[in-house]
2 protein chains.
Amino acid sequence: MVTLESRRKIPRKAAIVAKTGLPSRTRGPSPKKTARTRNAIVRAAVDEFLERGFAGSTMAGLAERARLAKGTLYLYFQTKEALFSGVVRDIVSNPLSDSESQPILPGERVGDYLRRTLLPVMRQMEKTGRASIARVVMAEGAQFPFLGDVYREGAYEPLLAHIRSCARLALSRGELKDDALARYPHLLVAPLWGGIIHNAMIDQRHPVDVGDLFEAQLNTYFPK
Amino acid sequence: MVTLESRRKIPRKAAIVAKTGLPSRTRGPSPKKTARTRNAIVRAAVDEFLERGFAGSTMAGLAERARLAKGTLYLYFQTKEALFSGVVRDIVSNPLSDSESQPILPGERVGDYLRRTLLPVMRQMEKTGRASIARVVMAEGAQFPFLGDVYREGAYEPLLAHIRSCARLALSRGELKDDALARYPHLLVAPLWGGIIHNAMIDQRHPVDVGDLFEAQLNTYFPK
DNA sequence: CTCTAAAGTGACCATGTGGTCATTTATGGT
DNA sequence: ACCATAAATGACCACATGGTCACTTTAGAG
């Protein structure tokens with residue numbers, strides 16, 4: 001597990017473009033190609049990691065999936081871990097379903113607001129592959145702390161903060177009777193975790209509808 | 001990944017005892033020794049797997065932990081996977097905290113019953129290492145279906161069944177106002193999953209108290 | 001078309017690891 | 001003490017895999 005720091009004498013542009021995103025006007029294949037290639041790698045990596053996990057994935061298999069040579073991968077990512085990290089970052093910080101930015105309507109109860117904005121997002125979780133990402137974080141987070149970091153900052157913490165502020169608003173309006181949710185916004189998302197785990201790891205034969213689970217929890221804390 | 005089926009001409013007793021548990025009255029080291037050795041292996045394996053996960057564990061490291069030679073492990077388990085399986089089976093089907101068998105007192109409300117019997121168990125989850133097992137299931141369950149199977153049958157399904165029956169009882173007594181919990185007993189344990197994931201994978205720096213989380217959920221569904 | 005820099009390649013290497021087995025060590029019966 | 005048998009050992013092997021690099025291909029500029 002020794003990582004040599006030696007760089008090649010002639011710096012490759014791909015790696016640089018991949019990092020800085022700056023196009024360069026010189027000779028050689030179009031810099032747009034580097035973007036396409038990078039995308040191909042990322043897409044293949046997502047599939048590979050989701051299917052096999054981090055440890056189970058191989059750079060060779062990944063390269064084959066992307067229809068590239070193994071060496072090419074290393075023009076874009078210095079190590080397997082860097083590739084993993086980059087992929088997760090890409091997905092998590094996607095133009096995500098930012099239900100968090102939708103405003104509450106005048107006169108709308110907090111519960112109804114969450115049912116209107118958050119519930120649809122949660123119902124989509126498994127279809128959009130966001131559940132899969134969550135699964136990878138669960139599976140590999142303990143071994144690769146950067147994974148948890150990326151996920152926490154890109155998705156988890158923002159959502160918790162949003163729920164917390166909603167809970168506080170509801171509390172101040174008297175729409176919640178206790179401060180459980182304000183103190184533990186985790187409670188509202190917990191059914192998602194429970195459902196994802198149930199479906200993916202424990203009982204694939206009898207899956208639960210994660211959306212229904214979330215809705216039931218929502219309705220319990222914010223009665224209709 | 002080719003597994004040869006060839007057995008040695010002279011069958012080793014260790015493997016046999018390990019499987020059948022039958023002592024044999026012949027010469028050679030006492031058969032009790034095989035039991036001790038097996039225990040040493042299992043204990044070391046638990047630690048190793050919990051610490052590094054399945055893929056991350058090595059048979060050599062495991063052997064060192066157990067203060068045995070690598071070859072010895074293969075006298076008790078045919079493959080790394082078999083060892084993993086055996087270990088998980090051992091733990092899950094332990095003399096577990098069978099709060100499920102405790103009876104409800106006459107006149108006791110279901111909520112109080114659960115607070116009395118289930119809450120302490122949940123509070124102990126992280127200390128007793130049961131949370132770690134759950135973590136391993138989460139991490140490796142997708143890759144090793146038998147893991148989910150063992151966990152489901154040994155721990156998950158019994159608990160869900162217990163909660164479901166409690167929920168039905170409470171519903172019939174009017175102590176619950178809707179059938180959410182009866183339909184989705186998962187909701188009551190969901191905070192555990194959420195908490196474990198939060199603490200282990202996402203935000204080790206700001207852990208939540210899993211027991212508190214569970215209690216808050218319990219109090220929401222069964223108000224005091 | 002030619003030249004040149006960048007993109008892409010895949011044989012190769014070093015390392016780590018699951019699994020084997022001939023040999024050695026321990027132990028109870030005689 | 002000695003034997004027979006089971007338990008334990010660790011050098012060894014085959015192979016997979018992360019990472020490298022000298023070389024080939026591609027394509028824009030002149």
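Predicted model, so just to flag it, every value in this text is computed and none were measured. Proteins get letters first, then strands, A, B, ... in listed order; numbering begins at 1 in each.
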For a quick test of reading the model: is some side-chain N or O of A/Thr72 closer than 4.0 Å to OP1 or OP2 of C/dA7?
no
Residue pairs meeting salt bridge (charged side-chain N to carboxylate O under 4.0 Å, His left out), one or both in residues 113-122 of chain B, sequence neighbours left out, come to B/Glu108-B/Arg116, B/Asp112-B/Arg115
Of C/dG19, D/dG19, D/dG10, the nucleotide closest to the side chain of B/Thr79 is C/dG19
Whole-Å distance, A/Leu73 CG to C/dG10 P, equals 12 Å
Next on the checklist: Does A/Leu181 form a side-chain contact (heavy atoms from CB on, under 4.5 Å) with B/Thr220? I'd like the steps, not just the answer.
Outcome noted: CA-CA 10 Å; A/Leu181 207 53; B/Thr220 299; over 6 Å; no
From CD of A/Glu81 across to C1' of D/dT17 the rounded distance in Å is 16 Å
Atom CZ of A/Arg36 and atom P of D/dT26 are separated, to the nearest Å, by 14 Å
Point to revise | Atom CD of B/Glu51 with >12 non-hydrogen neighbours under 6.0 angstrom | key: yes
Report yes or no: is there a donor-acceptor pair, N or O only, under 3.5 Å between the side chain of B/Lys70 and the base of C/dG19?
yes
Contact check, residues 45-58 of chain B vs DNA chain C, heavy-atom distance under 4.0 Å, returns B/Ser57, B/Thr58
The salt bridge (Lys or Arg N to Asp or Glu O under 4.0 Å) partners of B/Glu215 (sequence neighbours excluded) come to B/Arg123
Rounded to whole Å, CE of A/Met59 lies from P of D/dT20 at a distance of 10 Å
Sequence neighbours excluded, the answer for salt bridge (Lys or Arg N to Asp or Glu O under 4.0 Å) partners of B/Glu126 is none
Discussion item. Any side-chain N or O of A/Thr37 below 4.0 angstrom from OP1/OP2 of C/dG8?
Written reply: yes
side-chain hydrogen bond (donor to acceptor under 3.5 Å, both in side chains) filter on A/Ser132, not counting sequence neighbours, yields none
Between CD of A/Gln78 and C1' of D/dT20 the distance, given in whole Å, is 13 Å
Whole-Å distance, A/Tyr74 OH to D/dA22 P, equals 17 Å
Out of C/dG8, D/dA7, D/dG18, minimum distance to the side chain of A/Leu75 belongs to C/dG8
Check residues 52-62 of chain B and write down every donor-acceptor pair under 3.5 Å in which the side-chain atom is one partner and the other belongs to a residue at least two apart or another chain.
{"from": "B/Arg52", "atom 1": "NE", "to": "B/Glu48", "atom 2": "OE2", "distance (Å)": "3.3"}
{"from": "B/Ser57", "atom 1": "OG", "to": "B/Glu48", "atom 2": "O", "distance (Å)": "3.3"}
{"from": "B/Ser57", "atom 1": "OG", "to": "B/Gly53", "atom 2": "O", "distance (Å)": "2.5"}
{"from": "B/Thr58", "atom 1": "OG1", "to": "B/Gly61", "atom 2": "N", "distance (Å)": "2.9"}

- Message: Does D/dA8 have its OP1 or OP2 closer than 4.0 Å to a side-chain nitrogen or oxygen of B/Tyr76?
- Response: yes
Rounded to whole Å, the CG-C1' distance (B/Leu68 to C/dA26) equals 14 Å
note: B/Glu64, atom CD; D/dT9, atom P; distance rounded to Å ~ 13 Å
